[in-house]
Amino acid sequence: MKKSHPLRRVVLAGAATVSGIVLLLSLKPASDPASASAQGAAPQQSVAGQESPQGGSAQQSSTGARTVTGDVAQTQYGPVQVRITVSGGKITKSEVVQIPSGGRSTEVSNASVPKLNQEAVAAGSANIDAVSGASYTSAGYKKSLQSALDKAKASGSGSSGAVGSTGSAGAGSAGSAGSSSQAPAAQAKTVTGSVAQTQYGAVQVRITVSGGKITKSEAVQAPKGGLSDQKTAMAVPKLNQEAVAAGNANIDAVSGATYTSTGYKQSLQSALDKAGG
């Protein structure tokens with residue numbers, strides 16, 4: 001009996017060791033679900049964080065503000081282009097995209113553009129005063145501003161038509177007819193005035209009219225040859241700018257080009273008469 005005691009002890013010790021190992025193995029997987037759930041929670045937070053900025057941008061676009069860039073207006077000193085922001089049918093911001101620069105032009109632009117931007121927002125239209133000492137820049141600014149306003153108005157009426165087209169087929173076609181009837185009134189019309197004979201040659205003016213305003217004026221014919229070439233090159237760009245800025249034929253003659261200026265005004269008035277008829 002005494003000899004059996006060591007064997008019994010070995011058996012009991014082995015059984016105890018196996019039981020301990022089994023208990024350890026059974027306890028180890030319990031930590032895995034916790035770590036797995038912790039790992040699973042982290043991606044959910046990051047996704048929520050990504051969705052939040054998207055929601056903010058959607059609210060920003062729902063304000064209804066639109067940015068419209070007008071056509072480039074060419075002036076004697078360089079191009080002028082205006083971009084406006086419209087919200088609730090009003091100009092909330094006006095800025096230049098292109099402006100004459102270099103030398104004296106930079107000084108004139110820096111002095112005039114802030115004033116023109118403020119006037120555009122205050123007036124809510126292109127009927128703003130020219131800045132003293134920057135008549136060409138002002139005229140180009142007003143022209144590009146009017147172009148931007150026309151585009152904003154056209155896109156606004158177009159969106160109204162789109163809303164109407166969501167109804168029945170009859171209502172959609174009626175909305176289309178309404179927009180098409182308005183379109184011709186907003187379309188630009190080009191009219192060429194009669195030829196005006198001057199002491200140095202013929203002068204003929206062609207204008208583009210949109211919304212009852214002169215958006216472009218140019219000379220189709222002008223005196224040429226010798227000194228006339230120089231005077232025409234000097235006078236015509238100024239007369240074109242003045243015609244657009246004034247919106248009529250009551251413009252000042254260019255110094256040193258009296259005959260050309262007189263012929264220009266006569267042909268311009270003829271073109272305006274045709275456009276009005």
Side-chain angles (χ1 to χ4, degrees), residues 71-82 96 98-113 115-116 119 126-147 188 190-210 213-276:
D71 295 334
V72 176
Q74 295 293 341
T75 74
Q76 185 174 349
Y77 298 100
V80 178
Q81 188 174 27
V82 177
V96 293
Q98 295 187 58
I99 199 71
S101 60
R104 172 65 176 161
S105 294
T106 301
E107 298 179 16
V108 173
S109 296
N110 291 339
S112 62
V113 168
K115 295 179 181 179
L116 292 168
E119 288 185 14
N127 295 323
I128 58 179
D129 295 331
V131 176
S132 178
S135 56
Y136 292 107
T137 300
S138 299
Y141 187 101
K142 293 168 66 176
K143 184 177 179 181
S144 184
L145 173 59
Q146 184 60 56
S147 170
T190 301
V191 184
T192 303
S194 302
V195 176
Q197 294 294 340
T198 74
Q199 185 174 347
Y200 296 100
V203 178
Q204 189 175 26
V205 176
R206 179 170 59 209
I207 60 173
T208 301
V209 180
S210 179
K213 296 182 179 180
I214 301 175
T215 58
K216 183 179 181 181
S217 183
E218 56 188 335
V220 182
Q221 295 185 57
K224 58 184 179 179
L227 184 58
S228 294
D229 287 336
Q230 297 178 12
K231 291 188 176 182
T232 296
M234 174 195 69
V236 169
K238 295 180 180 180
L239 292 168
N240 291 339
Q241 291 288 337
E242 289 184 12
V244 173
N248 55 48
N250 295 324
I251 57 179
D252 295 331
V254 175
S255 178
T258 307
Y259 292 106
T260 300
S261 300
T262 301
Y264 187 101
K265 293 168 65 175
Q266 290 176 1
S267 184
L268 173 59
Q269 185 60 58
S270 170
L272 287 169
D273 293 340
K274 292 180 180 179

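Bear in mind the structure is a predicted one, so any value in this text is a computation, not a measurement.
- Annotation: the span from L239 atom CG to L268 atom CG amounts to 9.0 Å, rounded to 0.5 Å.
- Applying the side chain to side chain contact (heavy atoms under 4.5 Å, CB included) test between I214 and each of T208, V244, N240, V191 identifies V244 as the sole match.
- Closest non-hydrogen pair, Q204 versus S267, comes out as CA-OG, 3.4 Å.
- Scanning both residues, A222 and V236, for their nearest heavy atoms gives CB-CG2, 4.3 Å.
- Here the side chains of S217 and V205 are in contact, with some heavy-atom distance below 4.5 Å.
- Residue pairs meeting the salt bridge (charged side-chain N to carboxylate O under 4.0 Å, His left out) criterion with at least one partner in residues 219-242, sequence neighbours excluded, are absent.
- In this structure, Y141 OH and I99 CD1 are separated by 8.5 Å, a value rounded to the nearest 0.5 Å.
- To the nearest 0.5 Å, atom OG1 of residue T232 and atom OH of residue Y200 are 11.5 Å apart.
- At a threshold of 4.5 Å between non-hydrogen side-chain atoms, the residues S144 and V72 do not count as touching.
- One distance of note links CD of Q197 with CD of Q221; it measures 8.0 Å at 0.5 Å rounding.
- Annotation: the span from Q269 atom CD to I207 atom CD1 amounts to 9.5 Å, rounded to 0.5 Å.
- Two residues are said to be in side-chain contact when any heavy atoms from C-beta on lie closer than 4.5 Å; P100 and T137 meet this criterion.
- Within the 3.5 Å criterion, the main-chain N or O of V131 finds a donor-acceptor partner in the side chain of S138.
- Side-chain atoms of I251 and Y264, non-hydrogen and from C-beta on, do get closer than 4.5 Å to each other.
- A distance-only check finds no donor-acceptor pair linking the side chain of K265 to the backbone of N250 [under 3.5 Å].
- Taking all atoms of both residues into account, the shortest heavy-atom contact from A257 to A235 is CB-CB, 3.6 Å.
- Side-chain contact, Y77 with S109: no donor N or O sits under 3.5 Å from an acceptor N or O.
- Looking at Q241 and S135, their side chains never come closer than 4.5 Å, going by heavy atoms from C-beta outward.
- Taking each heavy atom of Q146 and A126 in turn, the nearest pair found is OE1-CB, 3.3 Å.
- Summarising the geometry of A233 relative to P237, their closest heavy-atom pair is O-CD, 3.2 Å, with the distance given to 0.1 Å.
- Summarising the geometry of S255 relative to M234, their closest heavy-atom pair is O-CE, 3.5 Å, with the distance given to 0.1 Å.
- Few gaps surround NZ on K213; more than 12 heavy atoms of other groups in view lie less than 6.0 Å from it.
- To the nearest 0.5 Å, atom NZ of residue K216 and atom CD of residue Q74 are 9.5 Å apart.
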